Amino acid sequence: MMNRLPKAGTLEIAPSILSADFASLASEIAQVTAQGIQVVHLDVMDGHFVPNITIGPPVVKWIRQCTDAVLDTHLMITDPEKYAPEFIKAGSDHITFHIETVDDPAVFIDELRSQGVTVGVTLNPETPVKSIEAVARLCDMVLVMTVHPGFGGQSFIDEAAQKCRQVRQIVGPGVRIEVDGGIDATTVATAKNYGADTFVAGNAIFGQKDRAAAITAIRQAMKG
Ligand code: DX5
Ligand code: ZN
């Protein structure tokens, strides 16, 4: 495996399948990649770190069979050190873990890299940027949560998004900053202006009937 994330500096929309029809994932994903989407966001929840349960490695394995898109895997789980290797074996290209869940994040980042994936670190809305300061530059991407993780369709938290500014100062231009939660055509420009370049959107894409129109609307707003 290799670094499959689009190179830093481009603006990317990463549709989250959390709001997709899980019985038709292949065609759901094909609808967004047909629009030039390169990164698909996979939300993994374990019912412990967050109060919801989603998908595990077997589902990622079948998604891998049906798309060449970069599989951006967001682990909202209590024990990412135990389970990340399974997601990597299943075909994840990128693993993001929560800083709240790992004792020695620098070591974990190295371990993930040695397994051939790119690495992201993320923090909950109430977790200070200071908690990732020491390791943010070791990552390919920093994910700034803009809702409390667990569910799609929640409202964008502006104060949480503002943390992108501080993160950008720490990481410089070479590391992607992703925002996740409540991103749509009305919030995407705000997040971009704070320094984000990678925009997860679940409800704003898969919650809409016309996915092409939904992506176009976010792209237009993203330019603002
Ligand atoms: C929230 C997940 C998000 C979620 C975003 O816990 O991490 O990726 O799917 O959904 P929207 O875009 O609907 O807020
Ligand atoms: Zn997510």
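Both backbone and side-chain heavy atoms feed into the values below; hydrogens, waters and symmetry mates do not. Just follow the structure's listing: the first ligand is 1, and inside any ligand the first atom is 1. Note that the structure is a prediction, hence the values are computed from the model and not measured.
Residue contact check: His41 has heavy atoms under 4.0 Å from atoms 8 (O) of ligand 1. Interface atoms of ligand 1 facing Met76, defined by a heavy-atom separation under 4.0 Å, are 6 (O), 7 (O). Ligand-side atoms of ligand 1 in range of Gly181: 14 (O), range being under 4.0 angstrom from any heavy atom. Contact atoms of ligand 1 toward Ala201: 12 (O) (distance under 4.0 Å to a heavy atom of the residue). Atoms of ligand 1 found under 4.0 Å from any heavy atom of Asn203 (numbered from 1 in listed order, with element): 11 (P), 12 (O), 13 (O).
Residue Asp180 places at least one N or O, backbone or side chain, under 3.5 Å from an N or O of ligand 1. Where the criterion is an N or O separation shorter than 3.5 Å, residue side chain and backbone included, Met45 fails it with respect to ligand 1. In terms of polar-atom proximity, Gly150 is counted as a contact of ligand 1, with an N or O under 3.5 Å from an N or O of the ligand. Residue Gly153 has at least one nitrogen or oxygen atom sitting less than 3.5 Å from a nitrogen or oxygen atom of ligand 1, judged on distance alone. Geometrically, ligand 1 and Ser16 share a nitrogen or oxygen pair separated by less than 3.5 Å. Considering backbone and side-chain N/O atoms, Gly152 never comes within less than 3.5 Å of an N/O atom of ligand 1.
Ile13 has its side chain within reach of Ile37: a pair of non-hydrogen atoms, C-beta onward, lies under 4.5 Å apart.
For atom 14 (O) of ligand 1, the closest non-hydrogen atom of the protein is Gly182 N, 2.8 Å.
Aromatic ring orientation, His74 versus His98: parallel (interplanar angle below 30°, classes split at 30° and 60°).
Between Asp68 and Arg4 no salt bridge is recorded (no basic side-chain N to carboxylate O distance below 4.0 Å).
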